[in-house]
Amino acid sequence: MVVNIGQLTEPKGTSLEALSGKIVAIDAYNTLYQFLSIIRRPDGTPLQDSAGRITSHLSGLIYRSTHLMEKEVKQIFVFDGKPQELKAAVIKARSDRRADAKRRWEEAKALHLDPDLIFKYAQASALIDETIVEDAKALLTYLGIPYVQAKEEGEAQAAYMVQKGDAELVASQDYDSLLFGAPVMIRNISAPRRKAQLELVAFTELAEKHGITREELVDIAILIGTDFNSGIKGIGVKRALKLIKKHHTIERLLNESAIEIAQIENYKLIRSIFLQPAVNESYEIAWGTPDEDKVKEFLCEEHNFSEERVSKILRKIEKIEQKKIAVTGSQKKIEQWL
DNA sequence: TTTGCACG
DNA sequence: CGTGCAAAA
């Protein structure tokens with residue numbers, strides 16, 4: 001899904017250059033899922049090492065992260081914690097959908113159906129398991145990029161970190177972080193060669209455009225449907241916006257209109273999940289120096305990446321590090337004169 | 001300099 | 001997805 005409030009946003013085009021020096025809290029699951037679903041061979045098979053372990057996410061992560069490092073974007077990856085109990089239905093539905101897609105993928109392959117269709121089913125069967133998360137965390141550690149473990153929802157944790165001033169924006173393809181209170185978020189954080197434009201969404205712009213508060217936005221989301229409820233049949237963004245602008249809260253909407261309370265299950269609880277999310281408050285963020293030997297060992301020896309490719313990446317990393325040293329060096333010189 | 005394509 | 005290389009413009 002996740003929450004379909006994208007239509008309410010007024011995204012502004014931006015660039016990686018504009019993010020230079022900024023600290024970005026990146027939705028790790030969102031990112032890994034993208035890599036896992038997209039980085040595949042033409043028949044839909046993900047990239048794998050000689051032991052058959054999936055490496056698509058490692059390829060995506062190493063290239064994107066070093067690219068962002070080069071642009072001096074400071075990354076913090078935020079991983080989901082334990083899911084809300086209310087999310088069980090969505091988790092089950094996604095798991096069923098994946099299983100179904102996997103079956104269709106095998107079928108379509110055996111029948112030599114349209115390659116695009118085969119690829120589509122393969123993509124829909126992408127799954128993030130524990131190994132994938134652990135491998136991603138290991139690579140981030142070797143690259144000196146910090147990550148934070150969320151208590152529950154990653155987007156809630158990322159939003160909290162921006163509110164606290166530990167990061168400046170949330171990066172995700174989903175808009176949930178706005179509901180969790182992120183003041184600014186970006187979408188499509190990818191290399192400039194891709195045509196999708198980097199979008200910056202500021203909560204205040206959305207709020208001013210529609211004349212609504214965050215509380216009202218959350219109620220709108222609940223009417224449409226979230227990961228925690230299925231929403232009301234026949235109500236989409238437009239109607240939900242109109243209804244909440246008129247009645248302001250779900251309570252008043254229920255009193256003043258014909259909508260049955262039974263149709264909005266658990267809305268008070270869901271509201272509190274968005275407005276007072278459980279977060280991990282005791283995280284530490286520190287950027288370290290990349291450990292080139294570890295990166296090489298992990299990617300080449302453990303996961304059979306080509307030495308040539310990895311060496312090229314390491315050379316890029318070295319260049320970035322040298323540039324950093326040069327900058328701090330000249331800063332010290334300036335300090336001496338002051 | 002931009003665009004398309006194959007590769008991992 | 002991000003990259004390198006080749007072709008096109």
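Using a 3.5 Å distance cut-off with no hydrogens or angles, the side chains of A:D49 and A:T55 do not pair a donor with an acceptor. A side-chain donor-acceptor contact under 3.5 Å links A:Y283 and A:D166.
Distance A:F35 CZ to B:dG8 C1': 14 Å, rounded to the nearest Å. Rounded to whole angstrom, the span from the CD1 atom of A:I313 across to the P atom of B:dG8 amounts to 14 Å. The distance from atom NZ of A:K312 to atom C1' of B:dG8 is 13 Å, rounded to the nearest whole Å.
Counting heavy-atom neighbours within 6.0 Å of A:E284 CD, excluding the residue itself, gives a total of 12 or less.
Across all strands shown, A:K316 has heavy atoms under 4.0 Å from sugar-phosphate atoms exclusively, and none from any base. As judged by a 4.0 angstrom heavy-atom cut-off over every strand, A:S59 is placed among the base-contacting residues.
Residues of residues 118-143 of chain A that place a heavy atom closer than 4.0 Å to DNA chain B do not occur.
Comparing A:G60 and A:R193, the nucleotide of DNA chain B nearest to each residue sits closer to the 5' end for A:R193.
A nucleotide of DNA chain C counts as in contact with chain A when one of its atoms lies under 4.0 Å from a heavy atom; the first and last such, 5' to 3', are C:dC1 to C:dC5.
Ring geometry for A:F274 against A:F180 counts as tilted: the plane angle lies between 30° and 60°, on a 0 to 90° scale.
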| field | Worked check of side chain to side chain donor-acceptor pair (under 3.5 Å) between A:D174 and A:N30 | value | CA-CA 8 Å; A:D174 301 333; A:N30 192 267; 3.3 Å; yes
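A cation-pi arrangement is found for A:K137 relative to A:F79, the charged atom lying closer than 6.0 Å to the ring centre and inside a 45° cone about the ring normal.
Electrostatic pairing of A:E153 and A:K87 counts as a salt bridge here, judged by a charged N lying under 4.0 Å from a carboxylate O.
Looking at heavy atoms from C-beta onward, A:T14 lies out of side-chain contact with A:E199 at the 4.5 angstrom threshold.
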